[in-house]
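Heads up: numbering here begins at 1 and tracks the sequence. First listed ligand is number 1; within each ligand, the first listed atom is number 1. Here the structure is a predicted model, which means the values were calculated and not measured.
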Amino acid sequence: MKAAVLAEEAARLEIRDLTLAPPGPHEVLVRLAASGVCHSDLHVIEGVLPVPLPAVLGHEGAGVVEAVGEGVTGTKPGDHVVLSWVPSCGHCYYCGIGRPDMCDEAFSIQMLGTLPGGGVRLGDRGQEVYHFLGTSCFAERAVVSERAVVPIRTDVPLDRAALVGCAVTTGYGAVVHTAQVGRGASVAVVGLGGVGLSIVQAARLQGAAQIIAIDRVPEKLDLALRLGATDVVDARGTDDIVTPVLDLTEGRGSDYAFEAIGRPATIEAAYGMTRKAGMTVVVGIASPDEQISLNAFAIPSAARILTGSWYGQSRPQEDIPAILDLYMAGRLDLDALISRRYRLEEINDAFAALARGELARGIVMFGGGGGEGDGR
Ligand code: APR
Ligand code: ZN
Ligand code: ZN
């Protein structure tokens with residue numbers, strides 16, 4: 001089967017013909033319909049996120065179950081599914097306290113590039129190829145743990161569903177689960193990719209009164225306004241995005257600020273634009289080597305809450321179907337998030353466009369299972 005392989009850091013992805021072992025016990029074979037192109041994949045290509053290579057990237061996928069291994073009870077061939085990149089174990093400390101997003105086992109497996117069942121299922125002429133985030137969905141097919149499979153309603157186009165595998169669940173959950181933004185709140189969003197635009201939409205759904213959207217690409221600001229932002233800050237050619245937010249909030253700062261880029265400077269700016277006793281939520285993923293600098297006196301004297309959100313603090317089995325219901329009810333716009341569709345062979349073009357900030361989301365289509373022309 002065809003898959004996009006990253007052989008080494010900073011290389012282009014190569015389309016190779018790989019072998020895929022059949023699903024083992026508690027594993028599922030999925031034929032992909034669509035896979036979104038997320039900045040976390042780009043972080044890996046750029047060497048910001050170190051994971052074992054060679055690997056098949058892609059972690060925002062949806063498709064149809066083709067076969068299941070022994071002992072699989074949660075899904076069956078023919079099911080439409082979204083892949084979850086946090087296949088939580090259900091028995092570690094964090095799963096036990098109701099925080100499957102922090103699952104120890106899922107995290108360590110992701111760093112190893114293997115599947116929860118141990119080892120890899122991907123091969124290239126006898127050489128092992130690693131799985132990225134247990135999903136590796138820039139491929140025609142994927143074998144994943146049953147924990148990574150979320151069955152969904154069949155009337156959702158699978159390209160729209162794919163986005164809920166990462167960007168939408170990450171952004172929506174940061175607002176609804178992590179920050180618990182309430183009616184009337186003011187919210188600033190730094191970075192308007194697939195994740196940031198999902199934060200904007202979730203803030204609107206929660207009834208936020210003021211949503212300040214910040215990016216350095218003007219088209220992103222226009223799209224944010226369409227999706228619910230009330231104010232925009234154009235970050236082109238300036239490092240100071242704090243002053244404009246203070247100006248828009250009577251000098252106080254916003255109740256909440258979300259950082260959806262993953263850079264120390266914009267994380268510090270998000271903290272600085274949050275009002276006293278407000279909450280700053282870091283959603284963007286910076287390199288494990290990077291540090292931020294905060295004024296020590298401000299920590300007690302401004303009493304802001306600085307926290308983070310990983311995969312939207314979600315419970316994928318419940319949250320992904322619920323988010324898709326919001327889409328089908330017309331309350332959440334997933335159509336507007338898809339800027340461009342690509343064939344697998346065009347994946348390097350998709351990453352180049354993402355790096356330029358051009359895309360809300362680019363999406364790789366595998367054919368079959370819902371795309372354009374379905375009337376939505
Ligand atoms: N100031 C303002 N906007 C910026 C800046 C900056 N200095 N740098 C980048 N941006 C904007 C880009 O123009 C783009 O619109 O941030 C946005 C980032 O969007 P994407 O590249 O599409 O990233 P996305 O996939 O949404 O992921 C955002 O969340 O999950 C993490 O790893 C992911 O760290 C990444 C973040
Ligand atoms: Zn666990
Ligand atoms: Zn992602």
Side-chain angles (χ1 to χ4, degrees), residues 35-46 48-49 57-61 83-109 116 132-133 135 137 147 162-171 173-174 188-200 213-221 223-224 232-242 244 258-270 281-287 290 308-312 337 339 350-351 353-362:
S35 293
V37 178
C38 176
H39 209 111
S40 299
D41 300 292
L42 186 56
H43 284 329
V44 174
I45 296 171
E46 290 171 341
V48 172
L49 264 187
L57 300 187
H59 63 281
E60 187 177 271
L83 302 181
S84 153
W85 56 264
V86 181
S88 51
C89 73
H91 54 71
C92 73
Y93 173 81
Y94 292 102
C95 286
I97 62 165
R99 288 297 300 267
D101 55 315
M102 294 285 106
C103 175
D104 278 329
E105 193 179 304
F107 190 79
S108 58
I109 288 163
F132 180 51
L133 300 183
T135 45
C137 54
R147 301 176 199 157
L163 304 184
V164 184
C166 182
V168 181
T169 295
T170 297
V189 185
V190 187
L192 303 170
V195 176
L197 291 167
S198 298
I199 292 171
V200 167
I214 305 160
D215 203 289
R216 56 185 183 192
V217 176
E219 293 76 23
K220 296 294 187 59
L221 302 176
L223 184 52
V232 293
V233 172
D234 186 342
R236 255 181 316 172
T238 174
D239 286 332
D240 181 16
I241 53 175
V242 172
F258 293 85
E259 200 274 357
I261 301 170
R263 288 163 38 112
T266 41
I267 293 169
E268 289 165 6
V281 183
V282 179
V283 184
I285 300 174
S287 158
E290 285 174 311
S309 187
W310 187 249
Y311 207 16
L337 294 183
S339 317
F351 277 109
L354 181 72
R356 290 192 296 267
E358 285 173 18
L359 303 175
R361 228 13 163 213

TODO: Considering only non-hydrogen protein atoms, determine which one is nearest to atom 29 (O) of ligand 1 and report residue, atom name and distance to 0.1 Å.
DONE: Gly284 CA, 3.7 Å

Open item on the list: Suppose you place the vertex at the Zn ion (ligand 3); what is the angle out to Cys166 SG and Cys38 SG, to 10°?
Closed with: 130°

Task: Geometry at the Zn ion (ligand 2) - Cys89 SG versus Cys103 SG angle, rounded to 10 degrees - done: 100°

- [ ] For side chain to side chain contact (heavy atoms under 4.5 Å, CB included), just list the numbers for Tyr311 and Thr169, CA-CA rounded to whole Å, side-chain angles, deciding distance to a tenth of an Å, and then say yes or no.
- [x] CA-CA 7 Å; Tyr311 207 16; Thr169 295; 3.9 Å; yes

Task: From Ile241 atom CD1 to Ile214 atom CD1, the distance as rounded to the nearest 0.5 Å - done: 5.0 Å

Task: Heavy-atom gap Ala167 to ligand 1 smaller than 4.0 Å - done: no

- [ ] Check each atom of ligand 1 against the heavy atoms of Lys220 and keep those under 4.0 Å away; list them by number with element.
- [x] 14 (C), 15 (O)

Open item on the list: Could you measure the distance from the CD1 atom of Ile285 to the NE2 atom of His39? Nearest 0.5 Å is fine.
Closed with: 10.0 Å

Task: Protein contact of atom 26 (O) of ligand 1 - nearest heavy atom, named by residue and atom, plus distance - done: Val195 N, 3.0 Å

- [ ] Would you indicate which of Gly193, Gly194, Gly312, Ala269 comes nearest to atom 18 (C) of ligand 1 when only heavy atoms are counted?
- [x] Gly193

Open item on the list: Quick check: closest heavy atoms across Val281 and Ser309, and the distance to 0.1 Å?
Closed with: CG1-CB, 3.8 Å

Task: For Ala260, the ligand 1 atoms whose distance to one of its heavy atoms is below 4.0 Å - done: 28 (C), 36 (C)

Task: Closest protein heavy atom (residue, atom, distance) for atom 11 (C) of ligand 1 - done: Asp215 OD2, 3.2 Å

Task: Proximity flag Val217 to ligand 1, non-hydrogen atoms under 4.0 Å - done: yes

Task: atom 32 (O) of ligand 1 [closest protein heavy-atom partner, distance rounded to 0.1 Å] - done: Ser40 OG, 2.7 Å

Task: Which atom of Pro87 lies closest to which atom of Ala106, heavy atoms considered - done: O-CB, 3.7 Å

Task: Separation of Leu192 CG from Ser198 OG (nearest 0.5 Å) - done: 10.5 Å

Task: Interatomic distance, Arg147 atom CZ to Cys89 atom SG [nearest 0.5 angstrom] - done: 6.0 Å

TODO: Decide whether an N or O pair under 3.5 Å exists between Gly196 and ligand 1.
DONE: no

Task: Winner among His39, Glu60, His59 once heavy atoms are compared against atom 20 (P) of ligand 1 - done: His39

Task: Spatial distance of atom CD1 (Ile261) from atom OG1 (Thr266) [nearest 0.5 Å] - done: 4.0 Å

Open item on the list: Quick test: of every protein heavy atom, which one is nearest to atom 7 (N) of ligand 1, and how far off is it to 0.1 Å?
Closed with: Arg216 NH1, 3.7 Å

Open item on the list: I need the SG(Cys95)-the Zn ion (ligand 2)-SG(Cys92) angle, rounded to 10 degrees.
Closed with: 110°

- [ ] Look up atom CD1 in Ile109 and atom OG in Ser88, then write down how far apart they are to the nearest 0.5 Å.
- [x] 10.5 Å

Task: Verdict with supporting geometry, Arg263 and Glu268, salt bridge (charged side-chain N to carboxylate O under 4.0 Å, His left out) - done: CA-CA 9 Å; Arg263 288 163 38 112; Glu268 289 165 6; over 6 Å; no

- [ ] Please write down residue, atom name and distance for the protein heavy atom closest to atom 25 (O) of ligand 1.
- [x] Arg361 NH1, 2.7 Å

Open item on the list: For atom 35 (C) of ligand 1, what's the nearest protein heavy-atom neighbour? Residue, atom name and distance, please.
Closed with: Ile261 O, 3.5 Å

TODO: Indicate whether any N or O donor in one side chain lies under 3.5 Å from an N or O acceptor in the other, for Ser35 and Glu60.
DONE: no

